[in-house]
A.B. asks: 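My questions will all concern the structure given below.
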Amino acid sequence: MSNQEVRVRFAPSPTGALHIGGVRTALFNYLFAKKNNGTYILRIEDTDRTRYVKGAEEYIIESLAWCGIQFDEGVTSGGPHAPYRQSERKDIYREYADILLENGQAYLAFDTPEELDKLRNEAEKIKRTFTYNALNRVQLNNSIALSEAEVNEKIALGTPYVIRYRMPDDHWIEFEDIVRGRVEVNARTLDDKILLKADGMPTYHLANVVDDHLMEISHVIRGEEWLPSTPLHVLLYEGLGWGESIPHFAHMPLTLKPDGQGKLSKRDGDRLGFPVFPLSWTHPETAETSSGYREAGYFPEALINILALLGWNPGTEQEIFSMEELVEAFSLDRIVKAGSRFDPEKARWFNHQYMMKKPDGELAEYLQSELKTRGLKFDLEYIANVISLVKERAILLPDLWEQSWFFFQAPDSFDEKVMKKAWKEDTFQHISDVQKLLASQVIFSADALHPAIKEWVESREIGFGKLMNPLRLILVGANLGPGLMDMMEVLGKDEVLKRINTGLVDIPAML
């Protein structure tokens with residue numbers, strides 16, 4: 001397969017929101033495809049209709065688009081192997097299930113759910129696990145145990161049945177995994193998995209093998225939770241006569257909780273205080289809402305960056321990667337075996353790095369939109385000037401408002417602790433005098449204001465803090481904000497003088 005064209009797929013199931021572990025799987029497939037000038041396919045595996053959730057497919061597509069992960073073929077792009085939604089390929093799978101039936105590698109099973117539940121319960125009573133396999137299949141309700149006449153009678157009566165794979169006894173299954181190395185499993189340890197359900201829909205095992213073959217998938221890159229299923233998939237390839245075209249497998253390590261104790265689950269995020277979904281999600285049936293990285297104020301580039309470094313080592317000290325740089329550096333042989341802990345604080349650090357790299361004008365567009373929701377209207381140039389002063393203190397996009405609100409509206413209250421500490425008996429007079437100084441300034445820039453105020457402070461021998469702390473309190477309402485001279489330049493002379501007038505009236509009245 002070394003000369004075969006690289007074709008990979010991401011095949012999520014629309015059973016709910018797309019977890020960031022799924023985004024990482026989509027990302028690794030994307031990077032591998034682009035690195036090798038291959039084809040990337042989006043296939044929707046919606047054969048489990050009992051777990052299907054309305055709106056989940058649209059959510060998955062929107063999430064991947066927000067993350068910048070693009071597809072060459074699939075439900076969003078079409079292509080030569082359409083349809084790419086498994087529920088629309090139902091008729092295809094029966095043909096291949098019949099091939100397995102004909103060559104004796106599959107059989108019909110008529111066991112009812114009640115019969116199987118009874119067997120499971122009986123096994124639990126003696127602290128065992130019921131497994132449908134070679135040891136008991138001849139005693140159960142299937143076409144191996146029943147006579148041909150009995151089987152035909154059941155079919156004629158319309159008795160529901162599933163098609164199970166007939167796992168060979170005492171047979172070693174071997175395959176190479178790019179991440180795990182050589183894998184050897186004895187079929188005796190495996191059960192007879194269902195391939196086709198009673199409603200005619202295939203299970204994951206049959207559908208993904210058939211689709212991967214028909215869509216000419218060269219590499220299957222997926223989470224390690226699918227590693228135990230791979231021996232069956234290898235047997236299906238061989239049983240269907242496709243042994244020469246079995247794809248290369250690469251099973252990625254788990255994404256772990258921040259403490260490393262177990263897989264990061266869909267419920268961990270809100271419980272631990274950080275998102276685990278790319279976009280916020282509200283379940284259409286339960287109305288349960290989960291937070292998303294987009295709505296929390298993360299950049300998609302930051303999320304992609306941290307996910308790329310979960311389970312993959314670039315072999316260098318570089319941490320900040322553009323998507324193009326990730327494509328250039330990526331290789332499957334640098335995926336590690338061990339699970340990788342997700343660090344929410346590191347995610348915030350990545351976002352801050354991207355915040356600092358973003359042009360002020362681009363961030364200004366976001367903040368302008370936020371201002372509009374608050375009934376505030378300012379032009380982009382003014383907002384960009386504000387951004388230049390505050391973005392160093394911002395980690396997430398909402399922080400831009402938290403760090404800059406006082407540029408867009410005068411304070412309507414004053415921090416009591418700061419006020420009591422900063423406002424002395426002579427403060428009123430000092431502020432009044434500086435107000436006159438500021439009013440006389442022809443050039444109202446930080447470069448002009450700093451020497452003028454410095455000269456005034458030194459002439460009074462009062463120290464900068466005795467003036468600047470109460471002046472900041474008047475302009476902001478608290479002890480926060482960027483450099484005072486820079487702040488006054490952006491606010492402008494008229495607004496600064498107006499706020500001083502208000503502060504000289506309100507603050508003394510509150511003391």
Side-chain angles (χ1 to χ4, degrees), residues 9-27 29-30 40-79 81-94 113 160 162 194-212 215 222-223 225-226 229 255 263-271 274-296 298 300 303 307:
R9 60 18 176 216
F10 179 56
S13 297
T15 56
L18 180 65
H19 185 271
I20 56 172
V23 177
R24 185 189 65 160
T25 300
L27 174 64
N29 276 276
Y30 174 83
Y40 192 20
I41 299 166
L42 175 61
R43 187 173 74 218
I44 297 296
E45 299 196 342
D46 59 345
T47 57
D48 189 347
R49 305 309 291 178
T50 62
R51 298 178 61 222
Y52 175 82
V53 175
K54 184 178 180 181
E57 179 180 326
E58 293 78 8
Y59 173 91
I60 291 169
I61 292 170
E62 184 181 357
S63 295
L64 296 172
W66 179 72
C67 290
I69 298 174
Q70 302 171 335
F71 296 88
D72 305 301
E73 291 180 24
V75 293
T76 57
S77 314
H81 299 286
Y84 293 92
R85 191 175 288 106
Q86 285 187 337
S87 60
E88 299 172 3
R89 299 169 62 83
K90 178 179 176 180
D91 295 340
I92 296 174
Y93 307 115
R94 179 66 203 225
V162 300
I194 295 174
L195 302 179
L196 207 71
K197 292 176 283 189
D199 62 1
M201 292 294 278
T203 62
Y204 170 82
H205 305 293
L206 179 63
N208 107 89
V209 167
V210 169
D211 286 344
D212 282 351
M215 295 180 184
R222 59 190 178 189
E225 62 267 26
W226 292 110
S229 299
T255 301
K263 180 181 177 181
L264 182 66
S265 75
K266 292 184 175 183
R267 295 189 178 276
D268 283 331
D270 288 330
R271 180 177 65 85
F274 62 91
V276 296
F277 300 113
L279 315 182
S280 65
W281 163 256
T282 300
H283 196 287
E285 297 173 6
T286 66
E288 181 181 3
T289 299
S290 301
S291 60
Y293 277 88
R294 181 179 65 181
E295 291 74 16
Y298 285 82
L303 179 59
L307 291 181

A.B. asks: Could you tell me which non-hydrogen atom of I60 sits nearest to which non-hydrogen atom of P14, and how far apart they are?
C.D. replies: CD1-CA, 4.1 Å
A.B. asks: Do any N or O atoms from the side chain of D46 and from the backbone of S87 form a donor-acceptor pair under 3.5 angstrom?
C.D. replies: yes
A.B. asks: Do you see a donor-acceptor pair shorter than 3.5 Å between the side chains of S291 and S280?
C.D. replies: no
A.B. asks: Indicate the atoms forming the closest heavy-atom contact of L42 with Y84, along with that distance.
C.D. replies: O-CB, 3.8 Å
A.B. asks: For F10, enumerate each residue passing the ring pair (Phe, Tyr, Trp, His ring centres under 6.0 Å) test, keeping only those at least two apart in sequence or located in another chain.
C.D. replies: none
A.B. asks: Using atom types as modelled and distance alone, determine if a side-chain donor or acceptor of S13 lies under 3.5 Å from a backbone N or O of T15.
C.D. replies: no
A.B. asks: Begin from the C-alpha positions of D212 and R43 and carry the test salt bridge (charged side-chain N to carboxylate O under 4.0 Å, His left out) through to its verdict.
C.D. replies: CA-CA 10 Å; D212 282 351; R43 187 173 74 218; 2.9 Å; yes
A.B. asks: Main chain of P202, side chain of T47: is a donor-acceptor contact present, judged purely on distance under 3.5 Å?
C.D. replies: yes
A.B. asks: So does S290 get a backbone contact from the side chain of K266, meaning a donor-acceptor N/O pair under 3.5 Å?
C.D. replies: no
A.B. asks: Kindly determine whether D91 and R94 satisfy salt bridge (charged side-chain N to carboxylate O under 4.0 Å, His left out), including the steps that lead there.
C.D. replies: CA-CA 6 Å; D91 295 340; R94 179 66 203 225; over 6 Å; no
A.B. asks: Within a reach of under 6.0 Å around NZ of K197, are more than 12 heavy atoms found that belong to other residues, nucleotides or ligands?
C.D. replies: yes
A.B. asks: Minimum heavy-atom separation for W281 and K54, please, with both atom names.
C.D. replies: CH2-O, 4.2 Å
A.B. asks: What residue among R9, R85, R89 forms salt bridge (charged side-chain N to carboxylate O under 4.0 Å, His left out) with D211?
C.D. replies: R89
A.B. asks: Checking Y30 side chain against T25 main chain: does a donor-acceptor pair fall under 3.5 Å?
C.D. replies: no
A.B. asks: Got a donor-acceptor contact below 3.5 angstrom from the D268 side chain to the L264 backbone?
C.D. replies: no
A.B. asks: Please report the closest heavy-atom contact between I194 and T203, naming both atoms and the distance.
C.D. replies: O-OG1, 2.7 Å
A.B. asks: Below 6.0 angstrom between ring centroids: does that apply to W66 and Y293?
C.D. replies: no
A.B. asks: Of the non-hydrogen atoms in Y40 and Q70, which two are nearest, and what is the gap between them?
C.D. replies: CD2-O, 3.3 Å
A.B. asks: Looking at every non-hydrogen atom in both residues, tell me the closest pair between V23 and P278 and how far apart they are.
C.D. replies: CG2-CG, 3.9 Å
